[in-house]
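Residue numbers start from 1 in every chain, and the chains themselves are labelled A, B, ... in the order their sequence lines are given, proteins ahead of strands. Treat the numbers as computed from the prediction; the structure is a model and nothing was measured. Basis for what follows: all heavy atoms, side chains included, without hydrogens, waters or symmetry-related copies.
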Protein chains: 2
Amino acid sequence: MQDFSELKQEFIQDYGEGYQHFGLPQLMGRIVGLLLFEGKPLSLDYITQELNVSKGPVSQITRRLRDHNLVQRKWVPGDRKDYYEAAPDIFGKAFVNRISLMKSNLALAQKYQEKIKDLNLDDELANFKINIEDMYAFYEMMIKHYNNFLEEWHSRK
Amino acid sequence: MQDFSELKQEFIQDYGEGYQHFGLPQLMGRIVGLLLFEGKPLSLDYITQELNVSKGPVSQITRRLRDHNLVQRKWVPGDRKDYYEAAPDIFGKAFVNRISLMKSNLALAQKYQEKIKDLNLDDELANFKINIEDMYAFYEMMIKHYNNFLEEWHSRK
DNA sequence: TTGAACGTTTGAAAATTTCCAAACGCTAAC
DNA sequence: GTTAGCGTTTGGAAATTTTCAAACGTTCAA
């Protein structure tokens, strides 16, 4: 059995790498990982020293996380510092963000579907048309299922 | 109404940016976009000149795309060149890749669930335990819905 | 055996992203 | 007002990613 601090470091690192696999900054994942591990509001200074990074990046990334509703500020009475904690239902919130990405893919398909609707369909565009219709159908169905999932998730005990 | 070449360029650009939003190389998206637009096997040289990039990156990225089953080689008799085309059901294939990413998240939750199972649950780890259990439940349910979607997608007319 | 036509690999250049240190602005306490 | 304690912004440094040009290996034709 490993000790507390090792466990924390390992989790933070794993979580950071997980974020990287999604094309997001590793530091973003490490911050979220730290917040999930501690499970209580943390000051910017604490995060800074815990992750061995300077204030600048932490400030910028916590803002980005707040913009995406994954992290929120917590007022601590009698303390001028800002405290941050993981948003309630952070996984659901992250998923909502993903849905909007999918919606922009659907919108892309829709855009080109409309563009070629009026065009003369010679052989060249015929294949493109099929692919775009496929894409549209795919994302439409996908978003439907995403919403199903979200609904079930939010209605769990 | 815009002409054929403009439409192609715009689609390729949009598709490339779409890939970027997912944290993937823009060129990867532009290659996939070109393949979807043309809807027929294209040679490496053709892709190269069409996208204005040199052979190196195109060679590397088509390999990556083949590794992920999004693109496949097509044999053209009497021609020594390699031809590439979008894989059948490319959207479904891409989605399968995403499922395996989600599975690694589930595995992460599972890993830490097991690590802390035997540990003494003082107040510190209590919050972490809740978060990890939440994470596990979330990805478990998510993967179930993802598979539902894939099943419905594959069984569509 | 040579040469030509390919795709791949590789080392370095270019571009982008990440990160830091320091300056800055704001607020609260004195 | 001044000062101290914050978070944010910013210019540039560091690191990473992307891209290119060229060398390389392979295959096929002559």
Could you give the side-chain donor-acceptor pairs of residues 27-44 of chain B under 3.5 Å, partners two or more places apart or in another chain?
| from | atom 1 | to | atom 2 | distance (Å) |
| --- | --- | --- | --- | --- |
| B:Glu38 | OE2 | B:Lys8 | NZ | 2.8 |
| B:Glu38 | OE2 | B:Tyr46 | OH | 2.8 |
| B:Ser43 | OG | B:Tyr46 | N | 3.0 |

Give me the residues of residues 13-33 of chain B where at least one heavy atom lies under 4.0 Å from an atom of DNA chain C, by number, or none.
none
Please list each protein N or O that sits under 3.5 Å from an N or O in nucleotides 28-30 of chain C, with the distance.
none

Pairing residues for B:Asn52 by the side chain to side chain contact (heavy atoms under 4.5 Å, CB included) criterion, not counting sequence neighbours:
none
Please check if B:Tyr139 and A:Val96 belong to a single hydrophobic cluster, counting links between Ile, Leu, Val, Met, Phe, Trp and Tyr side chain heavy atoms closer than 4.5 Å.
yes
Would you call A:Tyr15 and A:Gln13 a side-chain contact if the rule is heavy atoms closer than 4.5 Å?
no
Need two values: the first and the last nucleotide of DNA chain D, 5' to 3', having an atom under 4.0 Å from any heavy-atom of chain A.
D:dG5 to D:dT10
Check every strand shown and say whether B:Lys55 touches a base, only sugar-phosphate, or nothing at a heavy-atom separation below 4.0 Å.
base
Counting only side-chain N and O atoms of B:Arg63, is one of them less than 4.0 Å from OP1 or OP2 of C:dG7?
no
By the 4.0 Å heavy-atom rule, please label B:Asp79 as base, sugar-phosphate, or nothing.
nothing
Quick one: which residue pairs count as a ring pair (Phe, Tyr, Trp, His ring centres under 6.0 Å) with a foot in residues 87-108 of chain B, not counting sequence neighbours?
A:Phe138-B:Phe91, B:Phe95-B:Tyr146, B:Phe95-B:Phe149
With a cut-off of less than 4.0 Å, is there a side-chain N or O of B:Arg66 near OP1 or OP2 of C:dT8?
yes
